[in-house]
Trainee: 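Supplied in structure tokens, the structure appears directly below.
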There are 2 protein chains.
Amino acid sequence: MENPQACGTSRIAGCRFSLYPMADNFVEVILTALKEVDTSKVWKQTDDVSTCIRGRISQIFDVTKAFFLHAAKTGKHVVMSGTYSIGCPGDSEGDVFLVENDERLNAETAAAIAQQAACQFALYPMGAGNYMDVIYGEVQKIKDQGVNVTSIHYATRLDGDAHAIFTGLENCFSNVEKSGVSHVVMTFTISANSPSAKKGDK
Amino acid sequence: MENPQACGTSRIAGCRFSLYPMADNFVEVILTALKEVDTSKVWKQTDDVSTCIRGRISQIFDVTKAFFLHAAKTGKHVVMSGTYSIGCPGDSEGDVFLVENDERLNAETAAAIAQQAACQFALYPMGAGNYMDVIYGEVQKIKDQGVNVTSIHYATRLDGDAHAIFTGLENCFSNVEKSGVSHVVMTFTISANSPSAKKGDK
């Protein structure tokens with residue numbers, strides 16, 4: 001095979017995301033959380049709109065989950081929103097550290113943070129694949145972990161433990177990719193400490 | 001034809017979006033902007049994570065642009081992020097006011113707000129269609145309006161006048177749909193008044 005990076009789970013995954021602390025000291029919240037996250041296993045680039053990370057699926061989810069939790073533990077209303085992507089036909093092979101393994105550098109510090117969250121996500125399988133059964137199966141597993149799952153226009157809503165939510169997102173994403181879909185895109189918006197949580201006009 | 005709503009530009013378009021004012025008074029910024037936007041031509045539902053609007057393409061873009069501009073004119077760092085969608089196979093026919101016409105209720109008040117912005121967007125044509133030429137053509141038109149266009153991982157970046165940016169987004173979305181793509185999804189994140197604008201670590 002000419003390009004081993006294009007094969008299976010060693011393909012380059014990535015996430016472009018932003019963290020929004022609804023607070024006057026938003027810069028401090030972002031920078032403090034960023035210092036607490038070990039990003040040494042992903043390629044990372046930040047501009048004034050978002051941050052892009054690239055690497056193994058496991059590392060991409062480890063970093064985004066940890067970043068969200070470290071910001072949320074401030075107690076401020078924080079939202080993280082972004083897009084996970086793998087297999088984009090226009091993607092380049094550079095800007096990545098795929099020599100790394102699946103050991104998650106932030107698992108321990110993130111596990112210590114208990115956080116309820118509300119998440120809205122949508123998965124877009126670009127190209128053929130037997131993905132519907134995979135998605136149904138993964139959503140059932142998310143429910144089995146005590147997360148409340150609701151269908152809404154253009155998205156699926158998850159309410160519950162932030163760790164279970166991120167695990168569910170990662171399993172949906174990686175198992176749809178393993179099912180044979182060449183290009184998988186998943187958008188997500190996850191919110192913590194909202195003053196209008198469970199009081200919204202739903 | 002059994003379902004005239006499934007035909008051409010009268011199909012139901014929608015947008016699920018959130019507005020993030022990076023300020024302690026974020027609730028006030030959101031509610032004040034919301035009061036200044038006329039949403040009577042779209043179906044609208046807000047929960048604690050996002051707002052969903054549905055209706056004609058013209059009305060969806062009129063409302064999202066106006067909401068962003070009215071929030072941005074406060075001078076606070078505000079970001080709007082969301083997903084425009086049309087033709088989702090799982091979509092229902094309800095929750096929409098498609099009897100409305102294309103006259104834009106917020107065009108005049110929005111036009112009075114001058115605002116520079118930075119936007120990152122990605123367009124996902126789900127299904128076949130001759131869309132690449134359409135996208136290239138629309139991006140060229142955006143450039144012709146003085147907006148700076150940059151390719152970044154997983155997105156295209158637009159820097160310039162917020163009105164030109166929203167016009168470009170709408171034209172990309174609607175012309176790709178007209179080109180014959182049954183299901184079009186477009187994600188966007190647009191930022192105003194960022195303290196790190198043009199000083200970011202890019």
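Letters go in sequence order (proteins before strands), and every chain restarts at 1. Because the structure is predicted, anything quoted here is derived from the model rather than measured.
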Trainee: Describe, in one word, how the ring planes of F67(B) and F17(B) are oriented to each other, choosing from parallel (under 30°), tilted (30 to 60°) and perpendicular (over 60°).
Mentor: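 The rings of F67(B) and F17(B) stand perpendicular, inter-plane angle above 60°.
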Trainee: Taking side chain as everything from C-beta outward and backbone as N, CA, C, O, which of these in I190(B) sits under 4.5 Å from a heavy atom of chain A? Side chain, backbone, both or neither.
Mentor: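 Interface part for I190(B): neither.
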Trainee: For the NZ atom of K41(A) and the CZ atom of R104(A), what is their distance to the nearest 0.5 Å?
Mentor: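 One finds 10.0 Å between NZ of K41(A) and CZ of R104(A).
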Trainee: What part of S151(A) is in contact with chain B, defined as an atom under 4.5 angstrom from a non-hydrogen atom: side chain, backbone, both or neither?
Mentor: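 For S151(A), neither part sits under 4.5 Å from chain B.
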Trainee: Most heavy-atom pairs under 4.5 angstrom with chain A, which of S50(B), S18(B), C119(B), C88(B)?
Mentor: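 It is S50(B).
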Trainee: Between N25(B), T187(B), V185(B), which has the largest tally of heavy atom pairs under 4.5 Å with chain A?
Mentor: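 Among N25(B), T187(B), V185(B), the one with the most close pairs to chain A is V185(B).
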Trainee: Checking heavy atoms, do the side chain of S191(B), its backbone, both or neither come under 4.5 Å from chain A?
Mentor: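 Interface part for S191(B): side chain.
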Trainee: Roughly how far apart are H153(A) NE2 and C52(B) SG, rounded to 0.5 Å?
Mentor: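 Answer rounded to 0.5 Å: 5.5 Å.
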Trainee: Can a salt bridge be assigned to the pair K73(A) and E36(A) using a cut-off of 4.0 Å between side-chain N and carboxylate O?
Mentor: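 Result for this pair is yes, salt bridge flagged.
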Trainee: Is it true that the side chains of Q115(A) and N193(A) contain a donor and an acceptor less than 3.5 Å apart?
Mentor: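 On atom types as modelled, these side chains qualify, holding a pair under 3.5 Å.
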Trainee: Heavy-atom pairs under 4.5 Å with chain B are the metric here; pick the option from R54(A), H183(A), H77(A), K76(A) that has the most.
Mentor: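 It is R54(A).
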Trainee: Looking at every non-hydrogen atom in both residues, tell me the closest pair between I60(B) and C15(B) and how far apart they are.
Mentor: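 In this case the closest contact between I60(B) and C15(B) is CG2-CB, 3.7 Å.
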Trainee: Is the Y84(A) to F188(A) ring centre distance short of 6.0 Å?
Mentor: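 Under 6.0 Å, so yes.
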Trainee: Who wins among A155(A), S81(A), S85(A) for the most heavy-atom pairs under 4.5 Å with chain B?
Mentor: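 Among A155(A), S81(A), S85(A), the one with the most close pairs to chain B is S85(A).
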Trainee: Of the listed residues (T83(A), V27(A), I152(A)), which shares the most heavy-atom pairs with chain B below a 4.5 Å separation?
Mentor: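 Winner by heavy-atom pair count: I152(A).
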Trainee: Between G82(A), P21(A), A122(A), which shows the greatest number of heavy-atom pairs under 4.5 Å with chain B?
Mentor: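 The option with the most such pairs is P21(A).
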